[in-house]
Amino acid sequence: MPAALPAANVPDRDGGPRLAWGLTGSGHWLRETLDFILGLDAVDLFLTRAAAEILGSYGYRQDTLRGRLRVYQDHTASSVPVGFLYEGSYHTLVIGPATSNTVAKCVAGISDTLVTNLYAQAGKCRIPSIVFACDTRPTVVSEAPGRTVTLYPRPIDLDNTARLAGYPLTSVVEDIDALRAAVTQRLSCLTTSCS
Ligand SMILES: Cc1cc2nc3c(=O)[nH]c(=O)nc-3n(C[C@H](O)[C@H](O)[C@H](O)COP(=O)(O)O)c2cc1C
């Protein structure tokens, strides 16, 4: 059960705060997640370097996505786009699907990619995060390019997912239905000012 998220306390800018969505290098749930993102309004996509590669492997063209959304891919050492968080441009961060690598870094407080930087800086700005973790079950059936694979997340992967769920301002969801529900609830909370 994801933790309740507080209302974001961020100023309005450029038509109001938007949803920041961090995409990582996960093939698991990628198609379902992108389908969901493309149905949302006011969402900007932030790619890790691995996400940019994975999109191509699964047949997505970045220029097509850029026709529908703002897409940020970081080429700087300091993750310059995270500065948007300081300006109140985003009410919520969603990371999903989140690789075991990104989850582990978030748990350890490491911020050396665009998405792990967003998570760290969102926390420092008291902006809530929803993390859709890939490694939530002992056995995962996943779509690899051109085939289906069965994977067995390691104890450390499962442990990191569980630990992240206990972090402040963080809601961890474990499947696509829970992701849709958590994002929909968050957006509806913002429009009705519930907390
Ligand atoms: C085709 C492909 C699919 C992948 N799918 C996953 C996945 O579902 N989950 C995962 O944890 N890592 C997956 N990886 C590995 C990550 O992309 C890799 O660990 C990468 O370093 C993650 O970087 P990021 O967390 O900064 O995005 C996949 C790699 C490839 C090549």
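Read the numbers this way: they start at 1 and go in the same order the structure lists the ligands and their atoms.
- For residues 155-164, the salt bridge (Lys or Arg N to Asp or Glu O under 4.0 Å) pairs, not counting sequence neighbours, are R154-D157.
- For CZ of R68, the number of neighbouring non-hydrogen atoms (other residues, nucleotides, ligands) closer than 6.0 Å is 12 at most.
- Note: F46 and Y90 meet the aromatic proximity criterion, with ring centroids under 6.0 Å apart.
- With N117 contributing its side chain and S79 its backbone, the two residues share no donor-acceptor pair below 3.5 Å.
- Heavy-atom neighbours of R49 CZ from other residues, nucleotides or ligands within 6.0 Å: at or below the threshold of 12.
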Less than 3.5 Å apart, N/O on ligand 1 and N/O on the protein: could you list those pairs with the distances?
unit_1   : atom_1 : unit_2 : atom_2 : d
ligand 1 : 5 (N)  : G27    : N      : 3.0
ligand 1 : 8 (O)  : S26    : OG     : 3.1
ligand 1 : 8 (O)  : G27    : N      : 3.4
ligand 1 : 8 (O)  : H28    : N      : 3.2
ligand 1 : 11 (O) : S100   : N      : 2.9
ligand 1 : 11 (O) : S100   : OG     : 3.1
ligand 1 : 14 (N) : G25    : O      : 3.2
ligand 1 : 17 (O) : G25    : O      : 2.6
ligand 1 : 23 (O) : N101   : ND2    : 3.4
ligand 1 : 25 (O) : T99    : OG1    : 2.6
ligand 1 : 25 (O) : N101   : ND2    : 3.0
ligand 1 : 25 (O) : T102   : OG1    : 2.6
ligand 1 : 27 (O) : G25    : N      : 2.8
ligand 1 : 27 (O) : T48    : OG1    : 2.7

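- Around CG of L38, the count of heavy atoms belonging to other residues, nucleotides or ligands within 6.0 Å exceeds 12.
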